[in-house]
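A quick write-up on the structure given underneath.
Residue indices begin at 1 and follow the sequence shown.
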Amino acid sequence: MESRIVKKWEADGWELVSQSPGMVQVEITFRRPRPKSRRLLWIIGGGVVVLVLAIIVTVGLVIEKNTAPANPAPGEATASPSGQPSAEATGEAASRSSTRDGEVLTPENSPEFAAVLAFTDYCSPDIAAFAAAHRGRTIVFPGSIAAMAPHGNAKTRYDILINAGDAASATGPAFQFRDENTLNDLHWVGPVPDTIGVGTNLDITAEVDRYEDRSCLLLLEPVATAVR
């Protein structure tokens, strides 16, 4: 009888709590389980929806990133198959250089600059006049390293003397990159050389800083440098 009563009440949705046998009868206690809160169900359901949306957005962003074109971003340098910087890369470096008074000066577009590069007296007052007139302008020219020494007691920073033209020539002003790190501060276009030194031919893009009368040095700030 007890077993049948328990099964009947449990079939109706009641839950057995206890059975207390007595001398004549058995006291059986049931309770009705509290129905689950609809509010809890809504909270759980909403959390699942938010999680699914977050997963969809994340997957979409990853797919978009992986399918992005592999073309270099504007302003990035590229190299030619030969390992030397391409003319396009050098042109981009010059075009993005900031100038104060106009276009970038080259020996081809500025007869004045071409004449300065041909000077044999690097202490000529004309060089001082050129530096004063074009301070802050960007210049581009082929050059070569004429001398290179550590800046003061530094081990990784150098003063680099640059002549116009190839290493065999010694014309033009005594240009100098002063207190520069050869790895980071020269802003290499194309492959970064393992080493540089006296005799290395370079394509120079730099900003005119100032002319020092005492040392006859025309100081430059490097903008872009490439090995020729």
Please collect all disulfide bond (SG atoms under 2.5 Å apart) contacts where either partner lies in residues 155-199, sequence neighbours excluded, each pair once. none
Using only atom types and a distance under 3.5 Å, with no angle test, would you say the side chain of R157 pairs donor to acceptor with the backbone of D179? yes
For T171, all residues meeting side-chain contact (heavy atoms from CB on, under 4.5 Å), sequence neighbours excluded: A164
Heavy-atom closest contact (P222 atom, A206 atom, distance): CA-CB, 4.2 Å
Same cluster (ILVMFWY, side-chain, under 4.5 Å), Y122 and M148: no
Quick check: does any side chain N or O of N184 sit under 3.5 Å from a backbone N or O of N181, one acting as donor and the other as acceptor? no
Which heavy atom in L186 sits nearest to a heavy atom in F177, and how many Å separate them? CD2-CD1, 3.7 Å
Qualifying residues under salt bridge (Lys or Arg N to Asp or Glu O under 4.0 Å), relative to D126, sequence neighbours excluded: none
For the pair R137 (side chain) and A131 (backbone), establish whether a donor and an acceptor sit closer than 3.5 Å, ignoring hydrogens and angles. no
Quick check for you: to the nearest 0.5 Å, what is the distance between N201 atom CG and N163 atom CG? 10.5 Å
Give me each pair satisfying disulfide bond (SG atoms under 2.5 Å apart) with a member in residues 164-193, each pair once, sequence neighbours excluded. none
Give a yes or no on whether F119 atom CZ has more than 12 heavy-atom contacts from other residues, nucleotides or ligands under 6.0 Å away. yes
Contacts of P150 that satisfy side-chain contact (heavy atoms from CB on, under 4.5 Å) - sequence neighbours left out: Y158
Is it true that a side-chain atom of T205 and a backbone atom of V223 form a donor plus acceptor pair closer than 3.5 Å? no
Any donor-acceptor N/O pair, S144 side chain to G165 backbone, under 3.5 Å: yes
Would you say S124's side chain and D121's backbone share a donor-acceptor pair under 3.5 angstrom? no
Sequence neighbours excluded - salt bridge (charged side-chain N to carboxylate O under 4.0 Å, His left out) pairs with any residue from residues 109-118: none
The criterion is side-chain hydrogen bond (donor to acceptor under 3.5 Å, both in side chains); which residues satisfy it with D159, sequence neighbours excluded? H151
Going by side-chain contact (heavy atoms from CB on, under 4.5 Å), name the residues that satisfy it together with D213, two or more places apart in sequence or in a different chain. A128, Y211
Could you name each residue pair satisfying salt bridge (charged side-chain N to carboxylate O under 4.0 Å, His left out) that touches residues 214-223, not counting sequence neighbours? none
Disulfide bond (SG atoms under 2.5 Å apart): pairs with one or both residues in residues 141-228, sequence neighbours excluded: C123-C216
Do NZ/NE/NH1/NH2 and the carboxylate oxygens of E212 and R210 come within less than 4.0 Å? yes
Pairwise side-chain contact, P173 with F130, heavy-atom cut-off 4.5 Å (strictly under): no
Is R178 salt-bridged to D209, cutoff N-O under 4.0 Å? no
Show every disulfide bond (SG atoms under 2.5 Å apart) that has at least one partner inside residues 124-180, sequence neighbours left out. none
Got a second to check how far I160's CD1 is from T182's OG1, nearest 0.5 Å? 6.5 Å
Applying ring-ring contact (aromatic ring centres under 6.0 Å, His included), can you list everything that pairs with F141, at least two apart in sequence or on another chain? F175
